[in-house]
Amino acid sequence: MDPPALPADPARLRRRLLLWYDANRRDLPWRAPPGGRADPYAVLVSEVMLQQTTVATVRPRFLAFVRRFPTLEALADAPLDDVLHEWQGLGYYRRARALHGLARTVRDGGGALPATVAGLEALPGVGPYTAAAIAAMAFGVPTVPVDGNVARVLARLARVETPLPAAWPVLRRLAADLAGAGAGEGAGDGRWGDLAQAAIELGALVCRPAPACGGCPWREVCEARAAGVEAALPRKAARAAKPRRYAVAFLVRRDDGALLLRRRPETGLLAGLVELPTTPWQEGPFRDEGAILAGAPEALDLRPLPGEVRHGFTHLDLTLGLWTGAGHEAGDGFFWRQDRLGELALPTLTRKLLRLGGITPGARP
DNA sequence: AAGTCGGGGAA
DNA sequence: TTCCCAGACTT
């Protein structure tokens, strides 16, 4: 089969897409008003938050984040723990660390975000997608960022049958073709930020995994639709099954009501966040009390609470029981916390366990 | 190229 | 349940 190519002139595709976007765009807090200019810091924060995270989740968290850290300089001046606290529950906590590091890098380098794809991609936490997105949306660079939405749109438009992830280079080339000059460039060109938003928006609203072609501005030229294969694209390589792991967490209280906690290591899963003590995670369920007590912190009268917590990570599913007891000494790596749990950066897994134990740490930001 | 890194909502 | 989300980084 011929190598995939855009089925129509790029300038014509761009015009059709922008007309659709003008009539169908969502009003999102980080977006420039129609005809206006987006705030680079807002674009940066939103794009990092939106990495593998839905708009519905990000919208309120974005508003809270920029309220607490209104400028790149304010973010650079804040302690990392404050940033992690503001990020709790969002997942992929490396993003928060990278964003904080990025802010300090930029502040120490003069204070302005780079305005080029290459300059942006050199910053921590900014990869090919995010660099292109910021360049287009905040600085008007003529480039079309390829995220999961745009990959789906382009794979269908040009009928790319190669499965992901092998198809990524093909899709990036198609995106570059779309951003290229094309014959008779005209109305709409110059709106490169809107074009980037529009390509993503089309994937999010119309060219979804279950496509709604009736509302698509490209339906008449879409090659997947012409062949009747739109719902099957993009094809994807089979993924490995997620293993399940088991552990028991411990709700240990001191006489004064303080709770025994520990901080996770600075790298790896849930890096630097605060959690309840647990046994090591193991491949099968715990069968006898001895194995549980062997993994427990020093405590008296340990006994199981009814119920369990299930929590899914990206590459494994975890099932935890919860035991409770009384203690008075915090061993190495542990600490007591009496109140104001809401001020700690707690992962969702820990919140689920606390809820099972009848504790509400307070609303997260 | 493959593995690591969260959590939630929709189908 | 499974999929997938405005992906990046490490090895």
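Residue numbers begin at 1 in each chain, while the letters A, B, ... track the order of the sequences.
For E201(A) against dA6(C), a side-chain-to-base donor-acceptor contact under 3.5 Å is absent.
Among the heavy atoms of the strands lying under 4.0 Å from P128(A) are primed sugar atoms or P, OP1, OP2 only; no base atom is included. If you check every strand for non-hydrogen atoms under 4.0 Å, L202(A) touches nothing. Note on T130(A): only backbone sugar-phosphate atoms sit closer than 4.0 angstrom, heavy atoms only; bases stay farther off. Nucleic acid contact for V126(A): sugar-phosphate only, since backbone atoms but no base atoms lie under 4.0 Å from a heavy atom of the residue. Contacts of G268(A) with the nucleic acid, taken as non-hydrogen atoms under 4.0 Å apart, involve only primed sugar atoms and P, OP1 or OP2. Heavy atoms of W30(A) sit under 4.0 angstrom from at least one base atom. Across all strands, R31(A) comes closer than 4.0 Å to base atoms (heavy-atom distances). Counting non-hydrogen atoms under 4.0 angstrom, L269(A) reaches the backbone sugars and phosphates but no base. Within 4.0 Å of P145(A), counting heavy atoms only, lies no atom of the nucleic acid at all.
Regarding contacts with the backbone of dC5(C), every side-chain N or O of Y92(A) stays at 4.0 angstrom or more from both OP1 and OP2. Contact annotation: Q52(A) reaches the phosphate of dG7(C) (side-chain N/O to OP1 or OP2, under 4.0 Å). Applying the 4.0 Å criterion to OP1 and OP2 of dT1(C), one finds that R310(A) has a side-chain N or O inside that range. For H315(A), a side-chain nitrogen or oxygen approaches OP1 or OP2 of dC5(B) to under 4.0 Å.
Following rounding to the nearest Å, R61(A) (CZ) and dG6(B) (P) show an atom-to-atom distance of 14 Å. Distance CG (L102(A)) to C1' (dG7(C)): 15 Å, rounded to an integer number of Å.
Taking only side-chain atoms of L270(A), from C-beta outward, the nucleotide of dT4(B), dA8(C), dG6(B) with the closest atom is dG6(B).
For Y246(A) and W281(A), the ring centers are positioned 6.0 Å apart or more.
R235(A) and E161(A) are joined by a salt bridge, as a carboxylate oxygen and a charged side-chain nitrogen come within less than 4.0 angstrom of each other.
A side-chain donor from one of T53(A) and R95(A) sits under 3.5 Å from a side-chain acceptor of the other. Under the 3.5 Å distance criterion, with hydrogens and angles disregarded, no donor-acceptor pair is assigned to the side chains of H315(A) and K242(A).
Looking only at distances, no side-chain donor or acceptor of R253(A) sits under 3.5 Å from a matching main-chain atom of A326(A).
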